[in-house]
Amino acid sequence: MKLLRKPRSRTAAFLPLCWLLLKILQPGHSHLYNNRYAGDKVVRVIPKTEEEAYALKKTYHQFKVDLWQPSSISYISEGTVTDVHIPRNASQVLLTFFQEANIQYKILIEDLQKVLENDSTMGTQRNRRSLSEYNYEVYHSLEEIQSWMHHLNKTHSGLIQMFSIGRSYEGRSLLILKMGRKSRAYKRAVWIDCGIHAREWIGPAFCQWFVKEALLTYRSDPVMRKMLNHLDFYIMPVFNVDGYHFSWTHDRFWRKTRSKNSRSRCRGADANRNWKVKWCDEGASVHPCDDTYCGPFPESEPEVKAVANFLRKHRKHIRAYLSFHAYAQMLLYPYSYKYATIPNFSCVESAAYKAVKALRSVHGVRYRYGPASSTLYVSSGSSMDWAYKNGIPYAFAFELRDTGHFGFLLPEILIRPTCTETMLAVKNITMHLLKKCP
Ligand SMILES: *[C@@H]1O[C@H](CO)[C@@H](O)[C@H](O)[C@H]1NC(C)=O
Ligand SMILES: *[C@@H]1O[C@H](CO)[C@@H](O)[C@H](O)[C@H]1NC(C)=O
Ligand SMILES: *[C@@H]1O[C@H](CO)[C@@H](O)[C@H](O)[C@H]1NC(C)=O
Ligand SMILES: *[C@@H]1O[C@H](CO)[C@@H](O)[C@H](O)[C@H]1NC(C)=O
Ligand SMILES: *[C@@H]1O[C@H](CO)[C@@H](O)[C@H](O)[C@H]1NC(C)=O
Ligand SMILES: [Zn+2]
């Protein structure tokens, strides 16, 4: 099967995977993901006191729930919005526990399988060849995204070049699109990555949207023309290719990479805690089963190492690092690993302020913005901090829509409005780079 490029492990191990994939992609399938989310709920709790927070932590730990927000149990304290995906066999016990402990909760999603199937166009034929026919308002599988990239590399060679920066743990190509008008003159560059975290599907959808808009409006929009004439964009639509693929075939809510751990049966590390910047300190976990596991050593994940190598090699001309996540509606800048003000605070802050204002002008959607540590939470070993510390003066992480109504299951109908407004923010930041900032 073309989808599965030479995996490291034995082919036999992949046969069930192929089978599952066929089941999922089959038109007229009965249930996605083998119906594994039937009856699962997503519940929001905001602990009112530290005692409640402590009780929640203990309970979530005990039931091994899938935490949607924040990304780790350790972040939970008084006032933290916690969105948690509860498996059906635990929901009765947990909800009873909340009631008896007098902890207020709100059910965000009553039946996860229903929401997932209601929206999903997975399995319908959407893999159109030409740019004008390609459907950017649905989520695409890894195979679809990669063949789209190959296609652009062939048909838009004037503005686009594709290359690989290495291979993932399971042996998939780590593909990058370089977009910009070819020029012999020295060009500054912007790096954009999407999909570090597998389940945040709106990220890769935005990366595709960005490329589409650039190609479609290059001739008609003076701002876009200026961007592509003066800058090169390195775009990595799917950073965590193995994890993204796994989120299509096995577990819709998978976050990490798929590497094997020598110390545990749990797989994967958090590709946004694996960077060599205060690695594995606050906000990262040493336990391989945790969603924020930092990995056995910095850059242990081949995907992180490949991108870090690329950025190291090109850091002199890369002026901005932009990374796309979901969900929270935030625009974050360094530091993430500590409460401190960055040296270039005023330039970065005003770029963020204007970008958020531009974003809001489209559909009125509000984004919070600020240093990641104080706006979201402290996390060590993040790509954004690493980029900043390695000399890229503008480093941002977007947390796209929404604020928890659908969470990771942002419906496809919201791809267009989300990407349209985000596009304006990215253009605004990019134009800011081209100006001098003291
Ligand atoms: C729910 O099912 C899972 C997998 O079958 C099992 O590991 C877990 O212990 C069960 N939890 C409860 C509370 O019954
Ligand atoms: C399914 O989608 C329809 C239309 O988008 C919506 O009205 C309905 O509430 C959805 N049902 C569920 C269970 O999400
Ligand atoms: C992109 O296209 C060029 C020439 O058209 C080709 O040499 C190159 O191998 C292609 N990139 C990839 C990763 O296939
Ligand atoms: C950036 O956004 C600000 C605030 O909305 C706006 O005044 C400015 O014109 C925008 N710049 C560009 C180049 O889009
Ligand atoms: C701050 O910005 C200036 C000008 O853009 C740049 O030369 C310098 O390297 C930046 N410093 C840091 C720490 O990013
Ligand atoms: Zn993320």
Side-chain angles (χ1 to χ4, degrees), residues 5 34-41 59-72 75 85-97 145-167 172-179 182 193-204 206 234-240 243-244 247 251 253-257 265-266 269-275 283-284 289 291-292 322-330 332 336 372 376-377 379 381-384 396-401 407-408 410:
R5 284 153 212 274
N34 269 334
N35 211 24
R36 69 181 282 184
Y37 304 110
D40 290 13
K41 293 188 193 319
T59 318
Y60 287 173
H61 186 74
Q62 183 193 339
F63 287 97
K64 294 193 171 60
V65 296
D66 161 30
L67 205 54
W68 280 21
Q69 186 174 268
S71 56
S72 160
Y75 291 127
H85 159 203
I86 305 174
R88 74 178 152 259
N89 63 351
S91 75
Q92 202 49 54
V93 187
L94 262 173
L95 295 187
T96 307
F97 162 77
I145 295 174
Q146 291 188 336
S147 56
W148 168 82
M149 292 172 81
H150 280 280
H151 180 68
L152 292 182
N153 186 47
K154 278 204 207 98
T155 54
H156 289 75
S157 56
L159 280 176
I160 285 188
Q161 279 170 273
M162 179 175 65
F163 56 91
S164 167
I165 56 165
R167 288 191 176 271
R172 297 184 176 86
S173 273
L174 301 171
L175 295 174
I176 312 289
L177 293 174
K178 179 182 179 182
M179 187 166 70
K182 293 199 182 93
D193 63 52
C194 298
I196 283 189
H197 292 137
R199 61 193 179 180
E200 301 164 6
W201 284 11
I202 187 64
F206 174 73
Y234 294 110
I235 299 151
M236 188 175 196
V238 188
F239 184 114
N240 176 7
Y244 187 72
S247 76
D251 181 353
F253 305 107
W254 187 257
R255 167 181 166 96
K256 298 186 285 181
T257 61
R265 288 179 57 199
C266 293
D270 185 339
N272 205 27
R273 298 289 187 282
N274 191 233
W275 299 68
C289 296
D291 259 349
T292 51
L322 308 179
S323 193
F324 288 84
H325 292 259
Y327 58 95
Q329 294 180 192
M330 288 177 186
L332 307 167
S336 201
L376 186 60
Y377 41 60
S379 64
S382 74
S383 64
M384 177 183 76
F396 291 101
F398 279 81
E399 291 280 352
L400 301 180
R401 289 198 200 183
F408 300 120
L410 191 73

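Both counts, for ligands and for their atoms, begin at 1 and track the order of listing. Atoms considered below: every heavy atom in the structure, side chains included; atoms not considered: hydrogens, waters and symmetry mates.
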Are the aromatic ring centres of Y37 and F253 under 6.0 angstrom apart?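 So the answer is yes for these two rings.
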Ligand 3 to N153 polar contact by distance, N or O atoms, under 3.5 Å: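 It does: an N or O of N153 is found under 3.5 Å from an N or O of ligand 3.
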Would you say [atom] has a protein heavy atom nearer than 4.0 Å?
atom                    : answer
atom 14 (O) of ligand 1 : yes
atom 7 (O) of ligand 3  : no
atom 10 (C) of ligand 1 : yes
atom 2 (O) of ligand 1  : yes

What is the ring orientation for W68 with Y327, classed by angle as parallel under 30°, tilted 30 to 60°, or perpendicular over 60°?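 Ring orientation of W68 relative to Y327: perpendicular.
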Could you please spell out the steps behind the side-chain hydrogen bond (donor to acceptor under 3.5 Å, both in side chains) verdict for N272 and S382? CA-CA 5 Å; N272 205 27; S382 74; 4.8 Å; no
Taking just the N, O or S atoms of H197, which one is nearest to the Zn ion (ligand 6)?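 Closest N, O or S atom of H197 to the Zn ion (ligand 6): ND1.
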Just give me the atom name: the N, O or S atom of H325 closest to the Zn ion (ligand 6).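 That would be atom ND1.
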Indicate yes or no: at least one non-hydrogen side-chain atom of [X] is less than 4.5 angstrom from one of [Y].
X    : Y    : answer
R273 : S71  : yes
Q146 : V238 : no
D291 : R199 : yes

In the protein, which heavy atom is nearest to atom 4 (C) of ligand 1, and how far is it?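 So the nearest neighbour among protein heavy atoms is N89 ND2, 4.6 Å.
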For atom 12 (C) of ligand 3, what is the nearest protein heavy atom, given as residue, atom name and distance?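 Nearest protein contact, heavy atoms only, for atom 12 (C) of ligand 3 is M162 CE, 3.7 Å.
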Between the Zn ion (ligand 6) and E399, is there an N, O or S atom separated by less than 2.8 Å?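 No, since none of the N, O or S atoms of E399 sits under 2.8 Å from the Zn ion (ligand 6).
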Between N240 and T257, is any side-chain donor less than 3.5 angstrom from a side-chain acceptor?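 There is no such pair between these side chains.
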